[in-house]
Amino acid sequence: MGKFRKQDSVDAAVAQAIAGKVRRGLLAWYRREYRQLPWRVAPRRVGDRRSAADPYRVLVSEAMLQQTQVATVVDYYRRFIERFPTIEHLAEAGEEEVYKLWEGLGYYRRARLLHRAARVVVGERAGRFPRCFEDLLRLPGVGRYTAGAVASIAFGRAVPAVDGNVIRVVSRILALPEPPDDPLLRKRCEKIAAQWVSPRDPGDFNQAMMELGAVVCRPRNPQCGRCPLVKLCVGRQSGKPERFGVGAKPATVLPVVHRVFVVEHEDKRTGRRRWIVERRGPVGLWSGLWQFLTIEAPAEGDQPQLESIAGIRLGARGGGKRSGSLMLHFDHRTTHRLVRFEVRWFHVKHRLNIGDGRKWADLSAVLKLPMSNPHRRILAALQSQAGVAAAR
DNA sequence: AATGCGGGGGG
DNA sequence: CCCCCAGCATT
């Protein structure tokens with residue numbers, strides 16, 4: 001215990017000694033080098049008044065940017081804001097549509113929580129957006145980083161916003177050896193960043209720290225020659241800046257199998273094809289997204305009976321000779337899972353009764369549903385199969 | 001304190 | 001192929 005308190009006071013003294021240089025150097029660099037991004041307001045120049053950022057747009061961008069790189073977010077952000085230009089638009093939307101705009105971005109819980117946050121602000125706070133760190137922290141999906149980012153960028157509060165970039169930058173400047181996923185290191189960096197943050201331009205300062213981490217102080221091959229803080233960087237002086245702020249613990253990857261049963265019915269008169277789709281549960285991988293009928297099993301599990309899948313009898317009415325044969329297989333890797341997809345295709349002559357949470361959907365309906373990338377891939381295969389069949 | 005949650009960029 | 005990314009909620 002006493003050890004940490006002593007460490008804190010040492011940190012505080014060292015950080016204070018260079019605070020002015022860090023602040024000025026970083027802000028001057030950021031005003032020259034900042035990237036224009038759709039959610040970003042240009043940094044305030046000396047003598048200017050601060051231009052206001054829309055807190056709703058800042059919140060949307062920060063939610064999308066959690067564990068996701070800027071380049072990936074840009075198009076998603078544009079589409080999202082075009083559809084939901086204000087927090088009221090988002091609060092009024094159905095969850096399904098919010099998910100659809102998040103499709104392919106990953107970490108889908110963020111979409112659900114952002115949607116909830118909008119409903120909290122509009123429904124429980126009469127549209128008054130929380131303006132301080134503590135109140136922001138109470139919103140669903142808003143943790144210490146996001147609360148700090150919105151409070152500083154949208155409301156000019158002098159609070160830190162410590163993400164992975166900031167942890168790496170601070171770790172290198174002060175040569176802190178702990179790996180970046182150490183919670184204690186995060187707390188240390190937050191206290192230090194709180195000392196450094198510009199009281200006058202906290203939003204610009206926080207964005208400058210992250211920008212530096214993303215563009216210059218990168219995990220590998222840091223561009224120290226372009227860094228405005230190179231002279232006071234202890235990590236650089238040690239000769240090996242890339243040793244600091246890297247080396248998170250690797251995740252354990254569990255192999256699993258998703259057996260997918262594409263149950264297809266073709267209307268004889270119209271030729272319209274329909275498939276059974278189902279919605280995944282509220283927790284776990286791809287929660288809330290839609291998929292073709294799927295049975296999940298451990299990698300070493302038994303083959304499910306093909307005559308009866310998820311309570312649906314297929315065998316008696318099964319279609320042509322190829323029905324039930326393996327149509328497609330591929331591996332899909334996430335951080336914690338190696339998912340083997342085994343896709344089988346069944347043709348049925350009637351639209352069977354199917355359980356709750358499932359429905360028959362034609363192509364245009366399926367395209368409107370939010371689905372995971374692997375299931376979009378399966379759909380693409382179905383479409384090309386149909387093309388081949390039609391050409392014959 | 002540890003774990004689960006996706007997908008893409010870049011060496 | 002591997003590491004990492006403008007984190008958060010849950011246990």
Side-chain angles (χ1 to χ4, degrees), chain A residues 30 34-35 37-40 57-77 99 102-114 116-117 136-150 152-153 160-169 179-187 189-190 193 203 205-215 217-222 242 245-254 256 280-289 331-339 370-377:
Chain A
Y30 182 66
Y34 78 98
R35 292 174 291 178
L37 299 170
W39 52 84
R40 177 172 279 172
R57 297 190 179 209
V58 176
L59 179 62
V60 170
S61 68
E62 295 300 344
M64 289 185 169
L65 286 163
Q66 290 166 9
Q67 294 298 100
T68 309
Q69 298 187 356
V70 166
T72 307
V73 166
V74 169
D75 286 338
Y76 281 91
Y77 174 83
Y99 269 88
W102 213 271
E103 182 182 62
L105 194 54
Y107 288 148
Y108 299 95
R109 183 176 54 180
R110 295 180 293 174
R112 187 176 72 247
L113 295 176
L114 175 63
R116 274 199 217 159
L136 284 160
L137 207 48
R138 295 192 189 97
L139 291 178
V142 175
R144 298 184 64 80
Y145 162 73
T146 304
V150 176
S152 61
I153 296 170
V162 175
D163 69 340
N165 286 311
V166 175
I167 289 175
R168 188 172 57 256
V169 169
D181 60 350
D182 182 341
L184 283 177
L185 176 65
R186 195 211 136 80
K187 293 301 289 179
C189 291
E190 223 176 84
F205 177 85
N206 285 337
Q207 292 183 84
M209 289 277 278
M210 295 185 270
E211 191 87 342
L212 189 74
V215 176
C217 198
R218 303 182 303 204
R220 285 169 295 198
N221 302 324
E242 66 272 23
V246 295
K249 187 168 55 176
T252 49
V253 179
L254 189 66
V256 295
R280 293 180 65 82
V283 294
L285 194 60
W286 297 307
S287 63
L289 300 192
D331 288 336
H332 182 91
R333 190 188 184 81
T334 77
T335 305
H336 293 269
R337 295 281 184 275
L338 179 58
V339 186
M371 297 180 103
S372 66
N373 280 359
H375 278 267
R376 295 230 74 89
R377 174 172 173 174

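Between the CD atom of A:Gln66 and the P atom of B:dG6 there is a distance of 13 Å, rounded to whole Å. Whole-Å rounding puts the A:Asp181 CG to C:dC3 P distance at 13 Å. Atom CG in A:Leu105 sits about 11 Å away from atom P in B:dG6, given to the nearest Å. In this structure, A:Met64 atom CE and B:dG7 atom P are separated by 15 Å, rounded to whole Å. C:dA9 atom P lies 12 Å from atom CZ of A:Arg144, rounded to whole Å. The separation between A:Arg333 atom CZ and B:dG9 atom P is 17 Å, rounded to whole Å. Atom C1' of nucleotide C:dA6 and atom CD1 of A:Ile167 are separated by 11 Å, given to the nearest angstrom. Atom CH2 of A:Trp102 and atom C1' of B:dG6 are 12 Å apart (whole Å).
At a threshold of 4.0 angstrom between heavy atoms, the contacts of A:Pro140 are confined to the sugar-phosphate backbone, with no base atom among them. Residue-level contact check: A:Arg218 touches neither bases nor backbone, having no heavy atom under 4.0 Å from any strand. Counting any heavy atom pair closer than 4.0 Å across all strands shown, A:Thr146 reaches sugar-phosphate atoms only and no base atom. Contact annotation for A:Val283: no contact, since no heavy-atom pair falls under 4.0 Å across all strands. Across all strands shown, A:Leu37 has heavy atoms under 4.0 Å from base atoms, whether or not it also approaches the sugar-phosphate. The residue A:Val142 sits close only to the backbone: its heavy atoms come under 4.0 Å of sugar-phosphate atoms, none of a base.
For A:Asn373 and A:Arg376, the side-chain atoms include no donor-acceptor pair closer than 3.5 Å.
Listed nucleotides: C:dG7, C:dC4, C:dA9. Nearest to the side chain of A:Gln69: C:dC4. Comparing C:dC8, B:dG9, B:dG7 by their closest approach to the side chain of A:Arg220 singles out B:dG9. The side chain of A:Pro374 lies closest to B:dG7 when the candidates are B:dG7, C:dC5, C:dG7. Which of B:dG6, C:dG7, B:dG8 sits closest to the side chain of A:Thr335 comes down to B:dG6. Closest to the side chain of A:Ala248, from the set B:dG6, C:dC4, C:dA6, is C:dC4. With C:dA6, B:dG8, C:dC8 as the choices, the nucleotide that has an atom nearest any side-chain atom of A:Ala214 turns out to be C:dA6. Proximity note for A:His332 (side chain, C-beta onward) versus B:dG7, C:dA6, C:dC8: the nearest is B:dG7.
Side-chain N or O atoms of A:Arg110 include one that pairs as donor or acceptor with a backbone N or O of A:Met64 at under 3.5 Å.
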**Request:** Begin with the C-alpha distance, continue with both residues' side-chain angles, and end with the deciding distance and a verdict on side chain to side chain contact (heavy atoms under 4.5 Å, CB included) for A:Val74 and A:Trp39.
**Result:** CA-CA 9 Å; A:Val74 169; A:Trp39 52 84; 4.2 Å; yes
**Request:** Could you give me the CA-CA distance, side-chain angles and deciding distance for A:Arg40 and A:Tyr34, then say whether side chain to side chain contact (heavy atoms under 4.5 Å, CB included) is met?
**Result:** CA-CA 10 Å; A:Arg40 177 172 279 172; A:Tyr34 78 98; 4.1 Å; yes
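OP1 or OP2 of B:dG7 sits under 4.0 Å from a side-chain N or O of A:Tyr108. Between A:Asn165 and C:dC4, a side-chain N or O to OP1/OP2 separation shorter than 4.0 Å is absent.
In this structure, CZ on A:Phe205 lies 12.0 Å from CD on A:Gln207, to the nearest 0.5 angstrom.
Taking the six-membered ring for Trp and thresholds of 30 and 60 degrees, A:Tyr99 and A:Tyr108 have nearly parallel ring planes, at less than 30 degrees apart.
Rounded to a whole angstrom, the distance from the C1' atom of C:dC5 to that of B:dC5 is 14 Å. With both ends at atom C1', the span from C:dC3 to B:dG6 equals 15 Å, rounded to whole Å. For the C1' atoms, the distance from B:dG9 to C:dC8 is 23 Å, rounded to whole Å.
Closest-nucleotide positions on DNA chain B for A:Tyr76 and A:Arg337 were compared, and the one nearer the 5' end corresponds to A:Arg337. Nearest-nucleotide assignment on DNA chain B puts the 5′-proximal partner with A:Pro183, out of A:His336 and A:Pro183. Taking the nucleotide of DNA chain C with the nearest heavy atom to each of A:Gly247 and A:Ala147, the more 5' of the two is matched to A:Gly247.
Applying the 3.5 Å distance criterion, the base of B:dG6 shares a donor-acceptor pair with the side chain of A:Thr68. Side-chain atoms of A:Tyr145 and base atoms of C:dG7 include no donor and acceptor less than 3.5 Å apart.
Comment: A:Glu242 does not engage A:Arg220 in a salt bridge, judged by the lack of any side-chain N to carboxylate O separation of less than 4.0 angstrom.
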